[in-house]
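For the numbers below, each heavy atom of this structure counts, side chains included, while hydrogens, waters and symmetry mates do not. Start at 1 and go down the list; that is how both ligands and their atoms are numbered.
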Amino acid sequence: MILDGKAVAKKIETKIKEKAKEFSDEFGMKASLHTVLVGNDEASRIYAKSKLKTLKNLGMEGEIHFMDEDSREEEVIELLKNLSSRKDVHGLMVEMPLPKHIRKELILPNIDPNKDVDCQNPTNLGYLLLGFEERAPSTPRAVIRILEEYGVGIASKSVCIINRTPVVGKPLALLFLNRDATVIICHSKTKNIPEITKRSDIIVVAVGKPNFLKEDMVSSESVVIDVGINSVDGKIVGDADFNSLVNKVSMITPVPGGVGSVTTMLIIEQALRNAYIQMGKVY
Ligand code: NAP
């Protein structure tokens, strides 16, 4: 079975459209998402512009604040502080990756935690560690959302996540733990990954390598969630060898049309949720 991320995204989109209209009718302004983009990373530019177009189509507003590749850390911090203090800015994020000379650990804490839409302020990661999921990062939430929409049971399941970053693997492990799964996190120094993946009920792969997860690493019962986004000969592919896995495993997400579609929609939804909270209401 193919787990259709686009269908899940559509469902979230329908609610956003409705609630964005309610918001502007009630408060006389549109809920907004502002993105800070430093440097010339082409993929980030394409992604940020597409996100902006989508949110405008849904009745929200936003802006991409482009900064030069050689911007100083102080300049990025100043912009983030300024945007954080504006009443008309409800959602705020910094597009990754940043130029090498910009230290994300210095600049991300300057995003107001209440405006943060992708758990970039470490305060929100701390809340997640304590079990508060409202501001968890979008990609891990997208993984869980897809599983829940398709009724895949998580409690007592064994989960293997191949990724240990603060953006994907670590927060995702917490979300699974909160749902009573047993989690193993694998990374580049893990020995014998196929042995672990084969005996896991749910496999989440996010290594950034095309065809990493192959037929001999899964079982017929496996549920495979492919987070990877890779460009091969101008085509976007995931980390799983989709064509050989699709007929072997129990469930699998495609790329494109899987986790990525849901991630974008959850970022936009988070900006809208923040807007409601800032007006003292619940989304
Ligand atoms: P990253 O920072 O490069 O991290 C990759 C992770 O995979 C690391 O934990 C790394 O282990 C592990 N890894 C790399 N090679 C491995 C190997 N041979 N065996 C086992 N583990 C290995 O990448 P990222 O930013 O987390 O993103 C990962 C992928 O997900 C990329 O394709 C990215 O484009 C995609 N992504 C998608 C979304 C979405 O919404 N769909 C969001 C974010 C990222 P070490 O820690 O040991 O280096």
Side-chain angles (χ1 to χ4, degrees), residues 2-9 12-13 33 35 37 41-48 50-51 54 93-98 100 103-105 108 117-120 125 136-147 149 159-176 183-198 200 203-214 216-218 224-232 234-242 252-270:
I2 294 175
L3 302 174
D4 182 1
K6 276 193 185 152
V8 175
I12 303 166
E13 184 185 304
L33 171 58
T35 300
L37 200 158
D41 186 76
E42 196 46 34
S44 294
R45 280 176 179 253
I46 293 169
Y47 178 60
S50 136
K51 191 168 36 153
T54 306
M93 68 177 291
V94 176
E95 211 60 70
M96 296 291 162
L98 288 162
K100 285 207 166 53
R103 289 166 289 179
K104 59 176 185 290
E105 57 277 18
L108 295 180
V117 290
D118 205 13
C119 205
Q120 291 184 307
L125 265 181
S138 54
T139 302
R141 282 198 296 126
V143 171
I144 298 290
R145 183 67 179 256
I146 291 172
L147 292 170
E149 286 288 342
V159 178
C160 171
I161 302 169
I162 317 174
N163 181 299
R164 60 169 161 182
T165 67
V167 178
V168 182
K170 286 178 185 169
L172 180 57
L174 294 172
L175 297 184
F176 274 120
V183 186
I184 295 181
I185 297 188
C186 298
H187 47 78
S188 64
K189 307 289 184 293
T190 306
K191 283 184 186 159
N192 226 338
I193 293 179
E195 193 186 281
I196 301 167
T197 50
K198 244 188 201 162
S200 299
I203 305 163
V204 182
V205 59
V207 300
K209 295 192 165 96
N211 295 328
F212 178 87
L213 191 76
K214 296 188 177 62
D216 60 355
M217 297 170 78
V218 300
V224 175
I225 306 290
D226 189 351
V227 178
I229 301 174
N230 310 290
S231 177
V232 176
K235 268 182 70 184
I236 298 296
V237 299
D239 287 346
D241 181 4
F242 184 83
I252 185 167
T253 56
V255 178
V259 177
S261 317
V262 180
T263 300
T264 306
M265 215 43 83
L266 288 178
I267 286 176
I268 297 172
E269 186 183 51
Q270 193 64 39

Peer 1: What pair of heavy atoms forms the shortest contact from Val262 to Gly5, and how long is it?
Peer 2: CG2-O, 3.4 Å
Peer 1: Could any protein non-hydrogen atom be found less than 4.0 Å from atom 48 (O) of ligand 1?
Peer 2: yes
Peer 1: Say whether, by atom type as modelled, one donor and one acceptor occur between the side chain of Asn163 and the main chain of Val168 under 3.5 angstrom.
Peer 2: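 Such a contact is absent between Asn163 side chain and Val168 backbone.
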Peer 1: Between Ser44 and Met96 (side chain of the first, backbone of the second, donor and acceptor by atom type, cut-off under 3.5 Å), is there such a pair?
Peer 2: yes
Peer 1: How far apart are the closest heavy atoms of Val218 and Val224, and which atoms are they?
Peer 2: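 Taking Val218 first and Val224 second, the nearest heavy atoms are CG1-CG2, 4.3 Å.
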Peer 1: Can you list the ligand 1 atoms lying under 4.0 Å from a non-hydrogen atom of Ile193?
Peer 2: 19 (N), 20 (C)
Peer 1: Output yes when a protein non-hydrogen atom is found under 4.0 Å of atom 3 (O) of ligand 1, and no otherwise.
Peer 2: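 Answer no: nothing from the protein, no heavy atom, is under 4.0 Å.
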Peer 1: Taking Asp118 for the side chain and Pro137 for the main chain, is one N or O donor matched with an acceptor at less than 3.5 Å?
Peer 2: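 Not at all, since once roles are kept as given, no pair shorter than 3.5 Å links the two residues.
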Peer 1: Does Ile162 have a non-hydrogen atom less than 4.0 Å from ligand 1?
Peer 2: yes
Peer 1: Provide the number and element of each atom of ligand 1 under 4.0 Å from a heavy atom of Gly260.
Peer 2: 41 (N)
Peer 1: Checking side-chain contact (heavy atoms from CB on, under 4.5 Å) between Ile162 and each of Thr197, Val204, Val227, which is the one that passes?
Peer 2: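 Of Thr197, Val204, Val227, side-chain contact (heavy atoms from CB on, under 4.5 Å) with Ile162 is met by Thr197 alone.
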Peer 1: Relative to the heavy atoms of Arg164, which atoms of ligand 1 are at a distance of less than 4.0 Å?
Peer 2: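 With Arg164 as reference, the close atoms of ligand 1 come out as 9 (O), 45 (P), 46 (O), 47 (O).
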Peer 1: Would you kindly specify which portion of Thr139 sits under 4.0 Å from ligand 1, judged on non-hydrogen atoms: side chain, backbone, both or neither?
Peer 2: side chain
Peer 1: Answer yes or no for Val227: is there a heavy-atom contact with ligand 1 below 4.0 Å?
Peer 2: yes
Peer 1: Taking distance alone, with no angle check, do Ile229 and ligand 1 share an N/O pair under 3.5 Å?
Peer 2: yes
Peer 1: Are any of the N/O atoms in Lys209 less than 3.5 Å from those in ligand 1?
Peer 2: yes
Peer 1: Tell me the nearest of Ile161, Asn163, Thr165 to atom 27 (O) of ligand 1, using heavy-atom distances.
Peer 2: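 Among Ile161, Asn163, Thr165, the closest heavy atom to atom 27 (O) of ligand 1 belongs to Asn163.
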Peer 1: Does any N or O in the side chain of Glu269 come within less than 3.5 Å of the main-chain N or O of Ile12, such that one atom is a donor and the other an acceptor?
Peer 2: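 No, Glu269 side chain to Ile12 backbone: no donor-acceptor pair under 3.5 Å.
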Peer 1: Check for me whether Ala206 has a heavy atom closer than 4.0 Å to any atom of ligand 1.
Peer 2: yes
